[in-house]
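Every number for a ligand or one of its atoms is a count from 1 in the order of the listing. Remember, predicted model here, so these are calculated numbers, not experimental data. Reckoned from all heavy atoms, side chains included, excluding hydrogens, waters and symmetry mates.
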Amino acid sequence: MESEFLDIKGTIVTKAFGQAYTKTLHRNSSLSVLEPKYVLLPEAYTDIPPILEYAKAQHPPLEVAVKGGGAHSSTWASSQGGIVVDLAKLNSVRVSEDRSSVVVQGGAIWEDVYSVCQKARIDVVGGPFWFVGVGGYLTGGGYSPFTPQRGLAIDNILAATVILADGRIVKTSATKEPELFWAIRGGGNQFGIVVEFVLKAFPTAGPFTVGILAYPGSEIENVLKVVQEWKSTYTAREKLNITFARPGPHFKPTVTILPWVSEDASGRSSNVLAPFRELGPVVDTCKAVPDMLAVSHSLDALFAVAPPRLIIRGALVADLWTDMILGLWTKWSAFTEENPDAKSTTVLWELSGADKIAAVPTDKTAFHARTPHYWVAIQGRSATEESVPVMRSFVSSATSYVGQKNREKTGKDAGFFINFAQGDEPIAKVFGANLPHLRKLKAKYDPKKFWSKGCVIDPDFHVARN
Ligand SMILES: Cc1cc2nc3c(=O)[nH]c(=O)nc-3n(C[C@H](O)[C@H](O)[C@H](O)COP(=O)(O)OP(=O)(O)OC[C@H]3O[C@@H](n4cnc5c(N)ncnc54)[C@H](O)[C@@H]3O)c2cc1C
């Protein structure tokens, strides 16, 4: 499309487009919506450099935000008065002839990827939900159900194509422009727009057993006993989430177990779930589904009724200590009791093997957390605008509590990760030991901090010159 200011193949949308503009603003969290001057939807990689040039040439220069799937619960993929480069039209997925890799464009969501993988009977190390974008998920590290078997999603990227702030379109891999390849695997949105990822593929490990086992809150200690026993026996074929939620119609504190089990000939899930079933869950929807596309849709009914005002914060944690989990349970129960408008706030603990994460040295990619760990995501939801501040404050205090417990138990900080950060976390705790190297590479690839949203890295010019 040609307009008075840009000649690109893609689409240019402004407020004057009415509904079409409003549609482009949609994000997974309504709190992530801002009103940009232009939404630009490139259709070719060559559309992007002129957009960046145009933004820089304005007085003052326009902010540029990049949107992948729009699932991050921050405003990093949105802009107030600037430009949003919305990658939605760059969402193609192509399987290599030998089915060992998949080329995925940077605006795809996991549904695009899993639909193609389903037909080819392959899997990739990707996200658990269909609506999450590959772009944000992969550049932030990517914890996947396959992580216990195959590491983080970034450990399974073979190559990428990146558009830098100066408009260069650069192909990168372990052998081509390797420093950029290092930086985009865990450095977030700080180095450029990744328009293409080449992901390792492997024969499908399906079917998978997924679903919900729910227990009244009064059972939490018994559930956690089984969880602690399970921690010493689980294998890389399974993982589970422990969540705190208040599901309808009663809205009482409920602890749920959300398993993911890659089945084998022996029907592995029946063994894995047996101790949890012996506790007598009040709800048990667990069943086998054929592939990751079906897995990624398995919680659709829950998301459909959740209020759209969502803030997620996560924290890494060295272990899932029962007293820490119970401490947060008490805080969460009280908060959701006292704030009915925020009662849909949930806490999700991820319990999955981290040996493969820890097998990769800390300096191999930009992702810092390479000692065994788990993570927690506090998902604050609010039914009204009025209760957003109190919900935000709970989400922050809950992650601080987990951080403090981790320090008490280990004497160290486990830190944060970009995919569940909000941008105000101390940068040294988001990038850990890799921060100095990231600063050096920021000076090389984005010295003027053109990429100014998110967990922003200050360039280190001194190191870059030496
Ligand atoms: C319900 C839910 C469950 C989740 N579960 C997990 C999980 O299990 N494991 C996990 O690791 N994460 C998980 N996440 C977090 C998710 O990975 C991040 O929110 C991720 O940023 C979403 O990617 P996106 O492309 O949809 O994000 P967007 O909101 O579009 O973008 C997020 C950030 O990434 C940048 N970005 C997006 N695309 C590109 C690109 N192509 N090139 C450069 N920068 C880009 C944006 O500029 C922005 O800064 C979950 C999120 C939700 C909402």
Side-chain angles (χ1 to χ4, degrees), residues 26-29 31-34 42 45 48 63-79 83-88 90-91 104-113 125-147 152-154 160-165 183-197 239 241 243 258 260 295-296 299-300 302-303 306 308 310-314 316 346 348-350 352 357 367 369 375-377 379-381 417-423 446 451-456:
H26 176 80
R27 300 291 182 268
N28 182 53
S29 169
L31 300 175
S32 303
V33 174
L34 298 176
Y45 302 160
I48 296 176
E63 175 185 77
V64 174
V66 177
K67 185 209 148 217
H72 200 283
S73 75
S74 64
T75 53
W76 303 350
S78 305
S79 174
I83 289 180
V84 170
V85 178
D86 184 337
L87 301 173
L90 294 174
N91 69 339
V104 181
Q105 285 190 314
I109 56 174
W110 288 109
E111 167 143 85
D112 300 318
V113 179
V125 180
F129 298 115
W130 64 271
F131 55 86
V132 171
V134 302
Y137 173 92
L138 289 173
T139 51
Y143 289 90
S144 162
F146 291 111
T147 291
L152 292 170
I154 48 167
T161 304
V162 185
I163 304 190
L164 300 178
I184 57 149
R185 289 177 297 155
N189 61 355
Q190 287 298 290
F191 294 90
I193 304 181
V194 185
V195 286
E196 201 170 280
F197 297 94
K239 63 148 214 155
N241 294 135
T243 70
L258 312 176
W260 175 95
V295 169
S296 76
L299 296 185
D300 282 2
L302 291 186
F303 289 123
L310 167 70
I311 292 289
I312 310 182
R313 269 187 199 273
L316 303 176
T346 60
L348 180 146
W349 306 89
E350 168 101 348
S352 84
I357 299 178
F367 192 85
W375 52 265
V376 59
Q379 313 193 35
R381 291 205 186 248
F417 57 117
I418 294 171
N419 285 358
F420 290 134
Q422 285 292 320
D446 184 24
W451 310 114
S452 61
K453 306 206 49 127
C455 296
V456 181

Put together the list of close N/O pairs, under 3.5 Å, between ligand 1 and the protein, could you?
{"unit_1": "ligand 1", "atom_1": "9 (N)", "unit_2": "Tyr143", "atom_2": "O", "d": "2.9"}
{"unit_1": "ligand 1", "atom_1": "11 (O)", "unit_2": "Tyr143", "atom_2": "N", "d": "2.9"}
{"unit_1": "ligand 1", "atom_1": "11 (O)", "unit_2": "Asn419", "atom_2": "ND2", "d": "3.0"}
{"unit_1": "ligand 1", "atom_1": "17 (O)", "unit_2": "Asn419", "atom_2": "ND2", "d": "3.4"}
{"unit_1": "ligand 1", "atom_1": "23 (O)", "unit_2": "Gly133", "atom_2": "O", "d": "3.4"}
{"unit_1": "ligand 1", "atom_1": "23 (O)", "unit_2": "Tyr137", "atom_2": "N", "d": "3.3"}
{"unit_1": "ligand 1", "atom_1": "25 (O)", "unit_2": "Gly69", "atom_2": "N", "d": "2.9"}
{"unit_1": "ligand 1", "atom_1": "25 (O)", "unit_2": "Gly136", "atom_2": "N", "d": "3.0"}
{"unit_1": "ligand 1", "atom_1": "26 (O)", "unit_2": "Gly69", "atom_2": "N", "d": "3.3"}
{"unit_1": "ligand 1", "atom_1": "26 (O)", "unit_2": "Gly70", "atom_2": "N", "d": "3.3"}
{"unit_1": "ligand 1", "atom_1": "26 (O)", "unit_2": "Ala71", "atom_2": "N", "d": "3.0"}
{"unit_1": "ligand 1", "atom_1": "26 (O)", "unit_2": "Gly133", "atom_2": "N", "d": "2.8"}
{"unit_1": "ligand 1", "atom_1": "29 (O)", "unit_2": "Ala71", "atom_2": "N", "d": "3.3"}
{"unit_1": "ligand 1", "atom_1": "29 (O)", "unit_2": "His72", "atom_2": "N", "d": "3.0"}
{"unit_1": "ligand 1", "atom_1": "30 (O)", "unit_2": "Gly68", "atom_2": "N", "d": "2.7"}
{"unit_1": "ligand 1", "atom_1": "30 (O)", "unit_2": "Gly69", "atom_2": "N", "d": "3.2"}
{"unit_1": "ligand 1", "atom_1": "30 (O)", "unit_2": "Gly70", "atom_2": "N", "d": "2.7"}
{"unit_1": "ligand 1", "atom_1": "38 (N)", "unit_2": "Gly136", "atom_2": "N", "d": "3.4"}
{"unit_1": "ligand 1", "atom_1": "41 (N)", "unit_2": "Gly106", "atom_2": "O", "d": "3.3"}
{"unit_1": "ligand 1", "atom_1": "41 (N)", "unit_2": "Val194", "atom_2": "O", "d": "2.9"}
{"unit_1": "ligand 1", "atom_1": "42 (N)", "unit_2": "Val194", "atom_2": "N", "d": "2.9"}
{"unit_1": "ligand 1", "atom_1": "47 (O)", "unit_2": "Val66", "atom_2": "O", "d": "2.6"}
{"unit_1": "ligand 1", "atom_1": "49 (O)", "unit_2": "Asn189", "atom_2": "ND2", "d": "2.9"}

Practice prompt. List for me each residue that meets side chain to side chain donor-acceptor pair (under 3.5 Å) alongside Asp86, sequence neighbours excluded, and say none if there are none.
Written response: Lys67
Worksheet item: Who pairs with Asp112 by salt bridge (Lys or Arg N to Asp or Glu O under 4.0 Å), at least two apart in sequence or on another chain?
Response: none
Worksheet item: Is any side-chain heavy atom of Asn189 closer than 4.5 Å to a side-chain heavy atom of Thr139?
Response: no
Fill in: Separation of Leu138 CG from Leu152 CG (nearest 0.5 Å)
10.5 Å
Discussion item. What I'd like to find out is whether the side chain of Leu90 reaches to under 4.5 Å of the side chain of Ile48, using heavy atoms alone.
Written reply: yes
Worksheet item: Which residues satisfy the side chain to side chain contact (heavy atoms under 4.5 Å, CB included) test with Ser352, sequence neighbours excluded?
Response: Pro148, Lys239, Glu350
